[in-house]
Amino acid sequence: MHENIGFPNLGIELEHVGKSISVFGFEIAYYGMIIGAAILIGFGIATAEAKRTRQNPEDYMDMGIIGVICGIAGARIYYIIFSWDMYKDNLLSIFNLREGGLAIYGGIIGAIIAVLACAKVKHLSAPQIFDTVAMALVNGQMLGRWGNFFNREVFGGYTDSLLAMRLPLDAVRGRDVTEEMRQHMETIEGVSYIQVHPTFLYESLWCCGVLLFLFFYRKHKKYEGELFLLYLFGYGLGRVWIEGIRTDQLFLPGTALPVSQFLAGGMVLVTGGLLLYLRKNHKRVPVLKASMDYKPMPQKIKGSKKPKAKDRLFKDMK
């Protein structure tokens, strides 16, 4: 398999872009490394936001571990359900995450279930939790898409645009190659190449924009849950058009409708309607009321001494 990846219209040619590295004879996939890094950074973002809004960061460490497990499980189950033909003859391959096969909508569903359960057990505000983790989630999606880059997956149809990506034919899955790609295929030094939309890059850049918007808007939100609704709306809006040009779509059974595009469109309509309604009517929904005014954590407590650990417990949030 040839390992070079190019962006010909940008004059960029990357050679020997592997899918993994070997550590003491054990292969570690870049996909997994990126997901792991995204999770760790997500923990940092969520706990920092918890401190800023005077919640107990330790609650988010506990919920984060459960949320990650449920999110990964949900993402895998979702993917398998809508691509069962790939796994029905080899059930053990269901547990092989090294080759990818995670669907973000399943991950979101799994994480939401985990948050609702934890909020119930810990007697916390679920809308506030969703707001606190919103930036962590979109950051994970922004970074996680680069795992698809190393796996040569999640790309769109043929294009000759500025950001067009060139991939060796023998480095991609045959089912993701369309007839149009084959018609425009080039052979360079005996190697066949296809040229495609780098939809992983489109989505990563889109998520970056959503992340920046949430970061600057967070101090101006009107009610608990607004940031999370904005995250779902913004992400879904981008996914509607990006999903339309991907070639590895999962379809609703018995139809030619991409399930992720269908869900993204529905999510945009629902969250958009909720955002418009709650903008003026959120005070009528008690569960969305902020638990306290947002004020920065004091750097000094009781004079000039630095706060001790016991002084930084957020008991007033219980």
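Contact of the M267 side chain with the V240 side chain is not registered, since no non-hydrogen atoms from C-beta on lie closer than 4.5 Å. Here the side chains of F149 and L201 are not in contact, with every heavy-atom distance at 4.5 Å or above. Under the 4.5 Å side-chain criterion, counting only non-hydrogen atoms from C-beta, L137 is in contact with F228. Looking at heavy atoms from C-beta onward, S192 lies in side-chain contact with T187 at the 4.5 angstrom threshold. In this structure, the side chains of R152 and V17 come closer than 4.5 Å at one or more pairs of heavy atoms. I21 places a side-chain heavy atom less than 4.5 Å from the side chain of M33. Proximity of V172 to E153: side-chain heavy atoms (C-beta onward) are nowhere separated by under 4.5 Å. Put simply, the side chain of V285 does not reach to within 4.5 Å of the side chain of N281, judged on heavy atoms.
With V138 as the partner, the side-chain contact (heavy atoms from CB on, under 4.5 Å) test is satisfied by one option alone out of L230, L212, L232, V210: V210. Here the options are K219, R218, K222, K221, the test is salt bridge (Lys or Arg N to Asp or Glu O under 4.0 Å), and the partner is D131; only K221 passes.
For D62, the salt bridge (charged side-chain N to carboxylate O under 4.0 Å, His left out) partners two or more places apart in sequence, or in a different chain, are K122. Residues passing the ring pair (Phe, Tyr, Trp, His ring centres under 6.0 Å) test with Y158 are H184, sequence neighbours excluded. Qualifying ring pair (Phe, Tyr, Trp, His ring centres under 6.0 Å) partners for H282, counting only residues two or more places apart in sequence or in other chains: Y223. In this structure, the ring pair (Phe, Tyr, Trp, His ring centres under 6.0 Å) partners of Y30, at least two apart in sequence or on a different chain, are F150. With sequence neighbours excluded, no residue satisfies salt bridge (charged side-chain N to carboxylate O under 4.0 Å, His left out) with R182. Applying the salt bridge (charged side-chain N to carboxylate O under 4.0 Å, His left out) test to R145 and every residue at least two apart in sequence or in another chain returns E203.
Of all non-hydrogen atoms in A114 and G67, the two that sit nearest each other are CB-CA, 3.9 Å. Here the closest heavy-atom approach between residue M181 and residue G157 is recorded as CE-CA, 3.8 Å. Residues N9 and S161 come closest through the heavy atom pair ND2-O, 2.6 Å. Taking both residues in full, the closest heavy atoms of V115 and I129 are given as CG1-CG2, 3.5 Å, listed atom of the first, atom of the second, then distance. Residues G156 and V196 share a closest heavy-atom pair of O-CB, 3.3 Å. Of all non-hydrogen atoms in P57 and A50, the two that sit nearest each other are CA-CB, 4.1 Å.
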List the steps, then state whether side chain to side chain contact (heavy atoms under 4.5 Å, CB included) holds for F43 with I45.
-> CA-CA 6 Å; F43 271 109; I45 293 174; over 6 Å; no
Q141 and Y231: side chain to side chain donor-acceptor pair (under 3.5 Å), yes or no, with the steps?
-> CA-CA 11 Å; Q141 291 167 276; Y231 151 66; 2.7 Å; yes
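With rounding to the nearest 0.5 Å, the separation of CG in L288 from CD in E224 is 8.5 Å. L211 CG to N139 CG: the interatomic distance, rounded to the nearest 0.5 Å, is 6.0 Å. I35 contributes atom CD1, which lies 11.5 Å from atom CG of L40 (distance to the nearest 0.5 angstrom). Separation of atoms OG1 (T247) and CD (E180) is listed at 11.0 Å; rounding is to 0.5 Å. Note that CG of L227 and CZ of F130 are 13.0 Å apart. Values are rounded to the nearest 0.5 Å. Atom CG of L167 is separated from atom NE2 of H2 by 13.5 Å, given to the nearest 0.5 angstrom.
For the 3.5 Å distance criterion, the side chains of H16 and N4 fail to qualify, holding no donor opposite an acceptor. Side chain to side chain, Y60 and E49 fail the donor-acceptor criterion of an N or O pair below 3.5 Å. At a cut-off of 3.5 Å, with distance as the only test, a side-chain donor of T53 or Q55 sits close to an acceptor on the other residue.
Put simply, I113 and I69 are part of two different groups of oily side chains (I, L, V, M, F, W, Y) that touch within less than 4.5 Å, one to the next. Under the 4.5 Å side-chain heavy-atom criterion for grouping Ile, Leu, Val, Met, Phe, Trp and Tyr, I245 is connected to V177 within one hydrophobic cluster. Side-chain heavy atoms closer than 4.5 Å link hydrophobic residues (I, L, V, M, F, W, Y) into clusters, and following such links, possibly through other members, connects Y235 to Y217. In the hydrophobic cluster analysis, where Ile, Leu, Val, Met, Phe, Trp and Tyr join through side-chain heavy atoms closer than 4.5 angstrom, L205 is grouped together with I5. Under a hydrophobic clustering in which Ile, Leu, Val, Met, Phe, Trp and Tyr are joined whenever their side-chain heavy atoms come within less than 4.5 Å, directly or via other members, I109 and V268 fall into different clusters.
Put simply, the side chain of W206 gets close to the backbone of G234: a donor and an acceptor are under 3.5 Å apart. Put simply, the side chain of W241 gets close to the backbone of G238: a donor and an acceptor are under 3.5 Å apart.
Proximity of the aromatic rings of H197 and F155 is defined here by a centroid distance below 6.0 angstrom, and this criterion is not met.
Under 4.0 Å is where a charged nitrogen must lie from a carboxylate oxygen, and between E13 and R166 at least one such pair does. The existence of a salt bridge linking E226 and R279 is confirmed by a sub-4.0 Å separation between a basic side-chain nitrogen and an acidic carboxylate oxygen.
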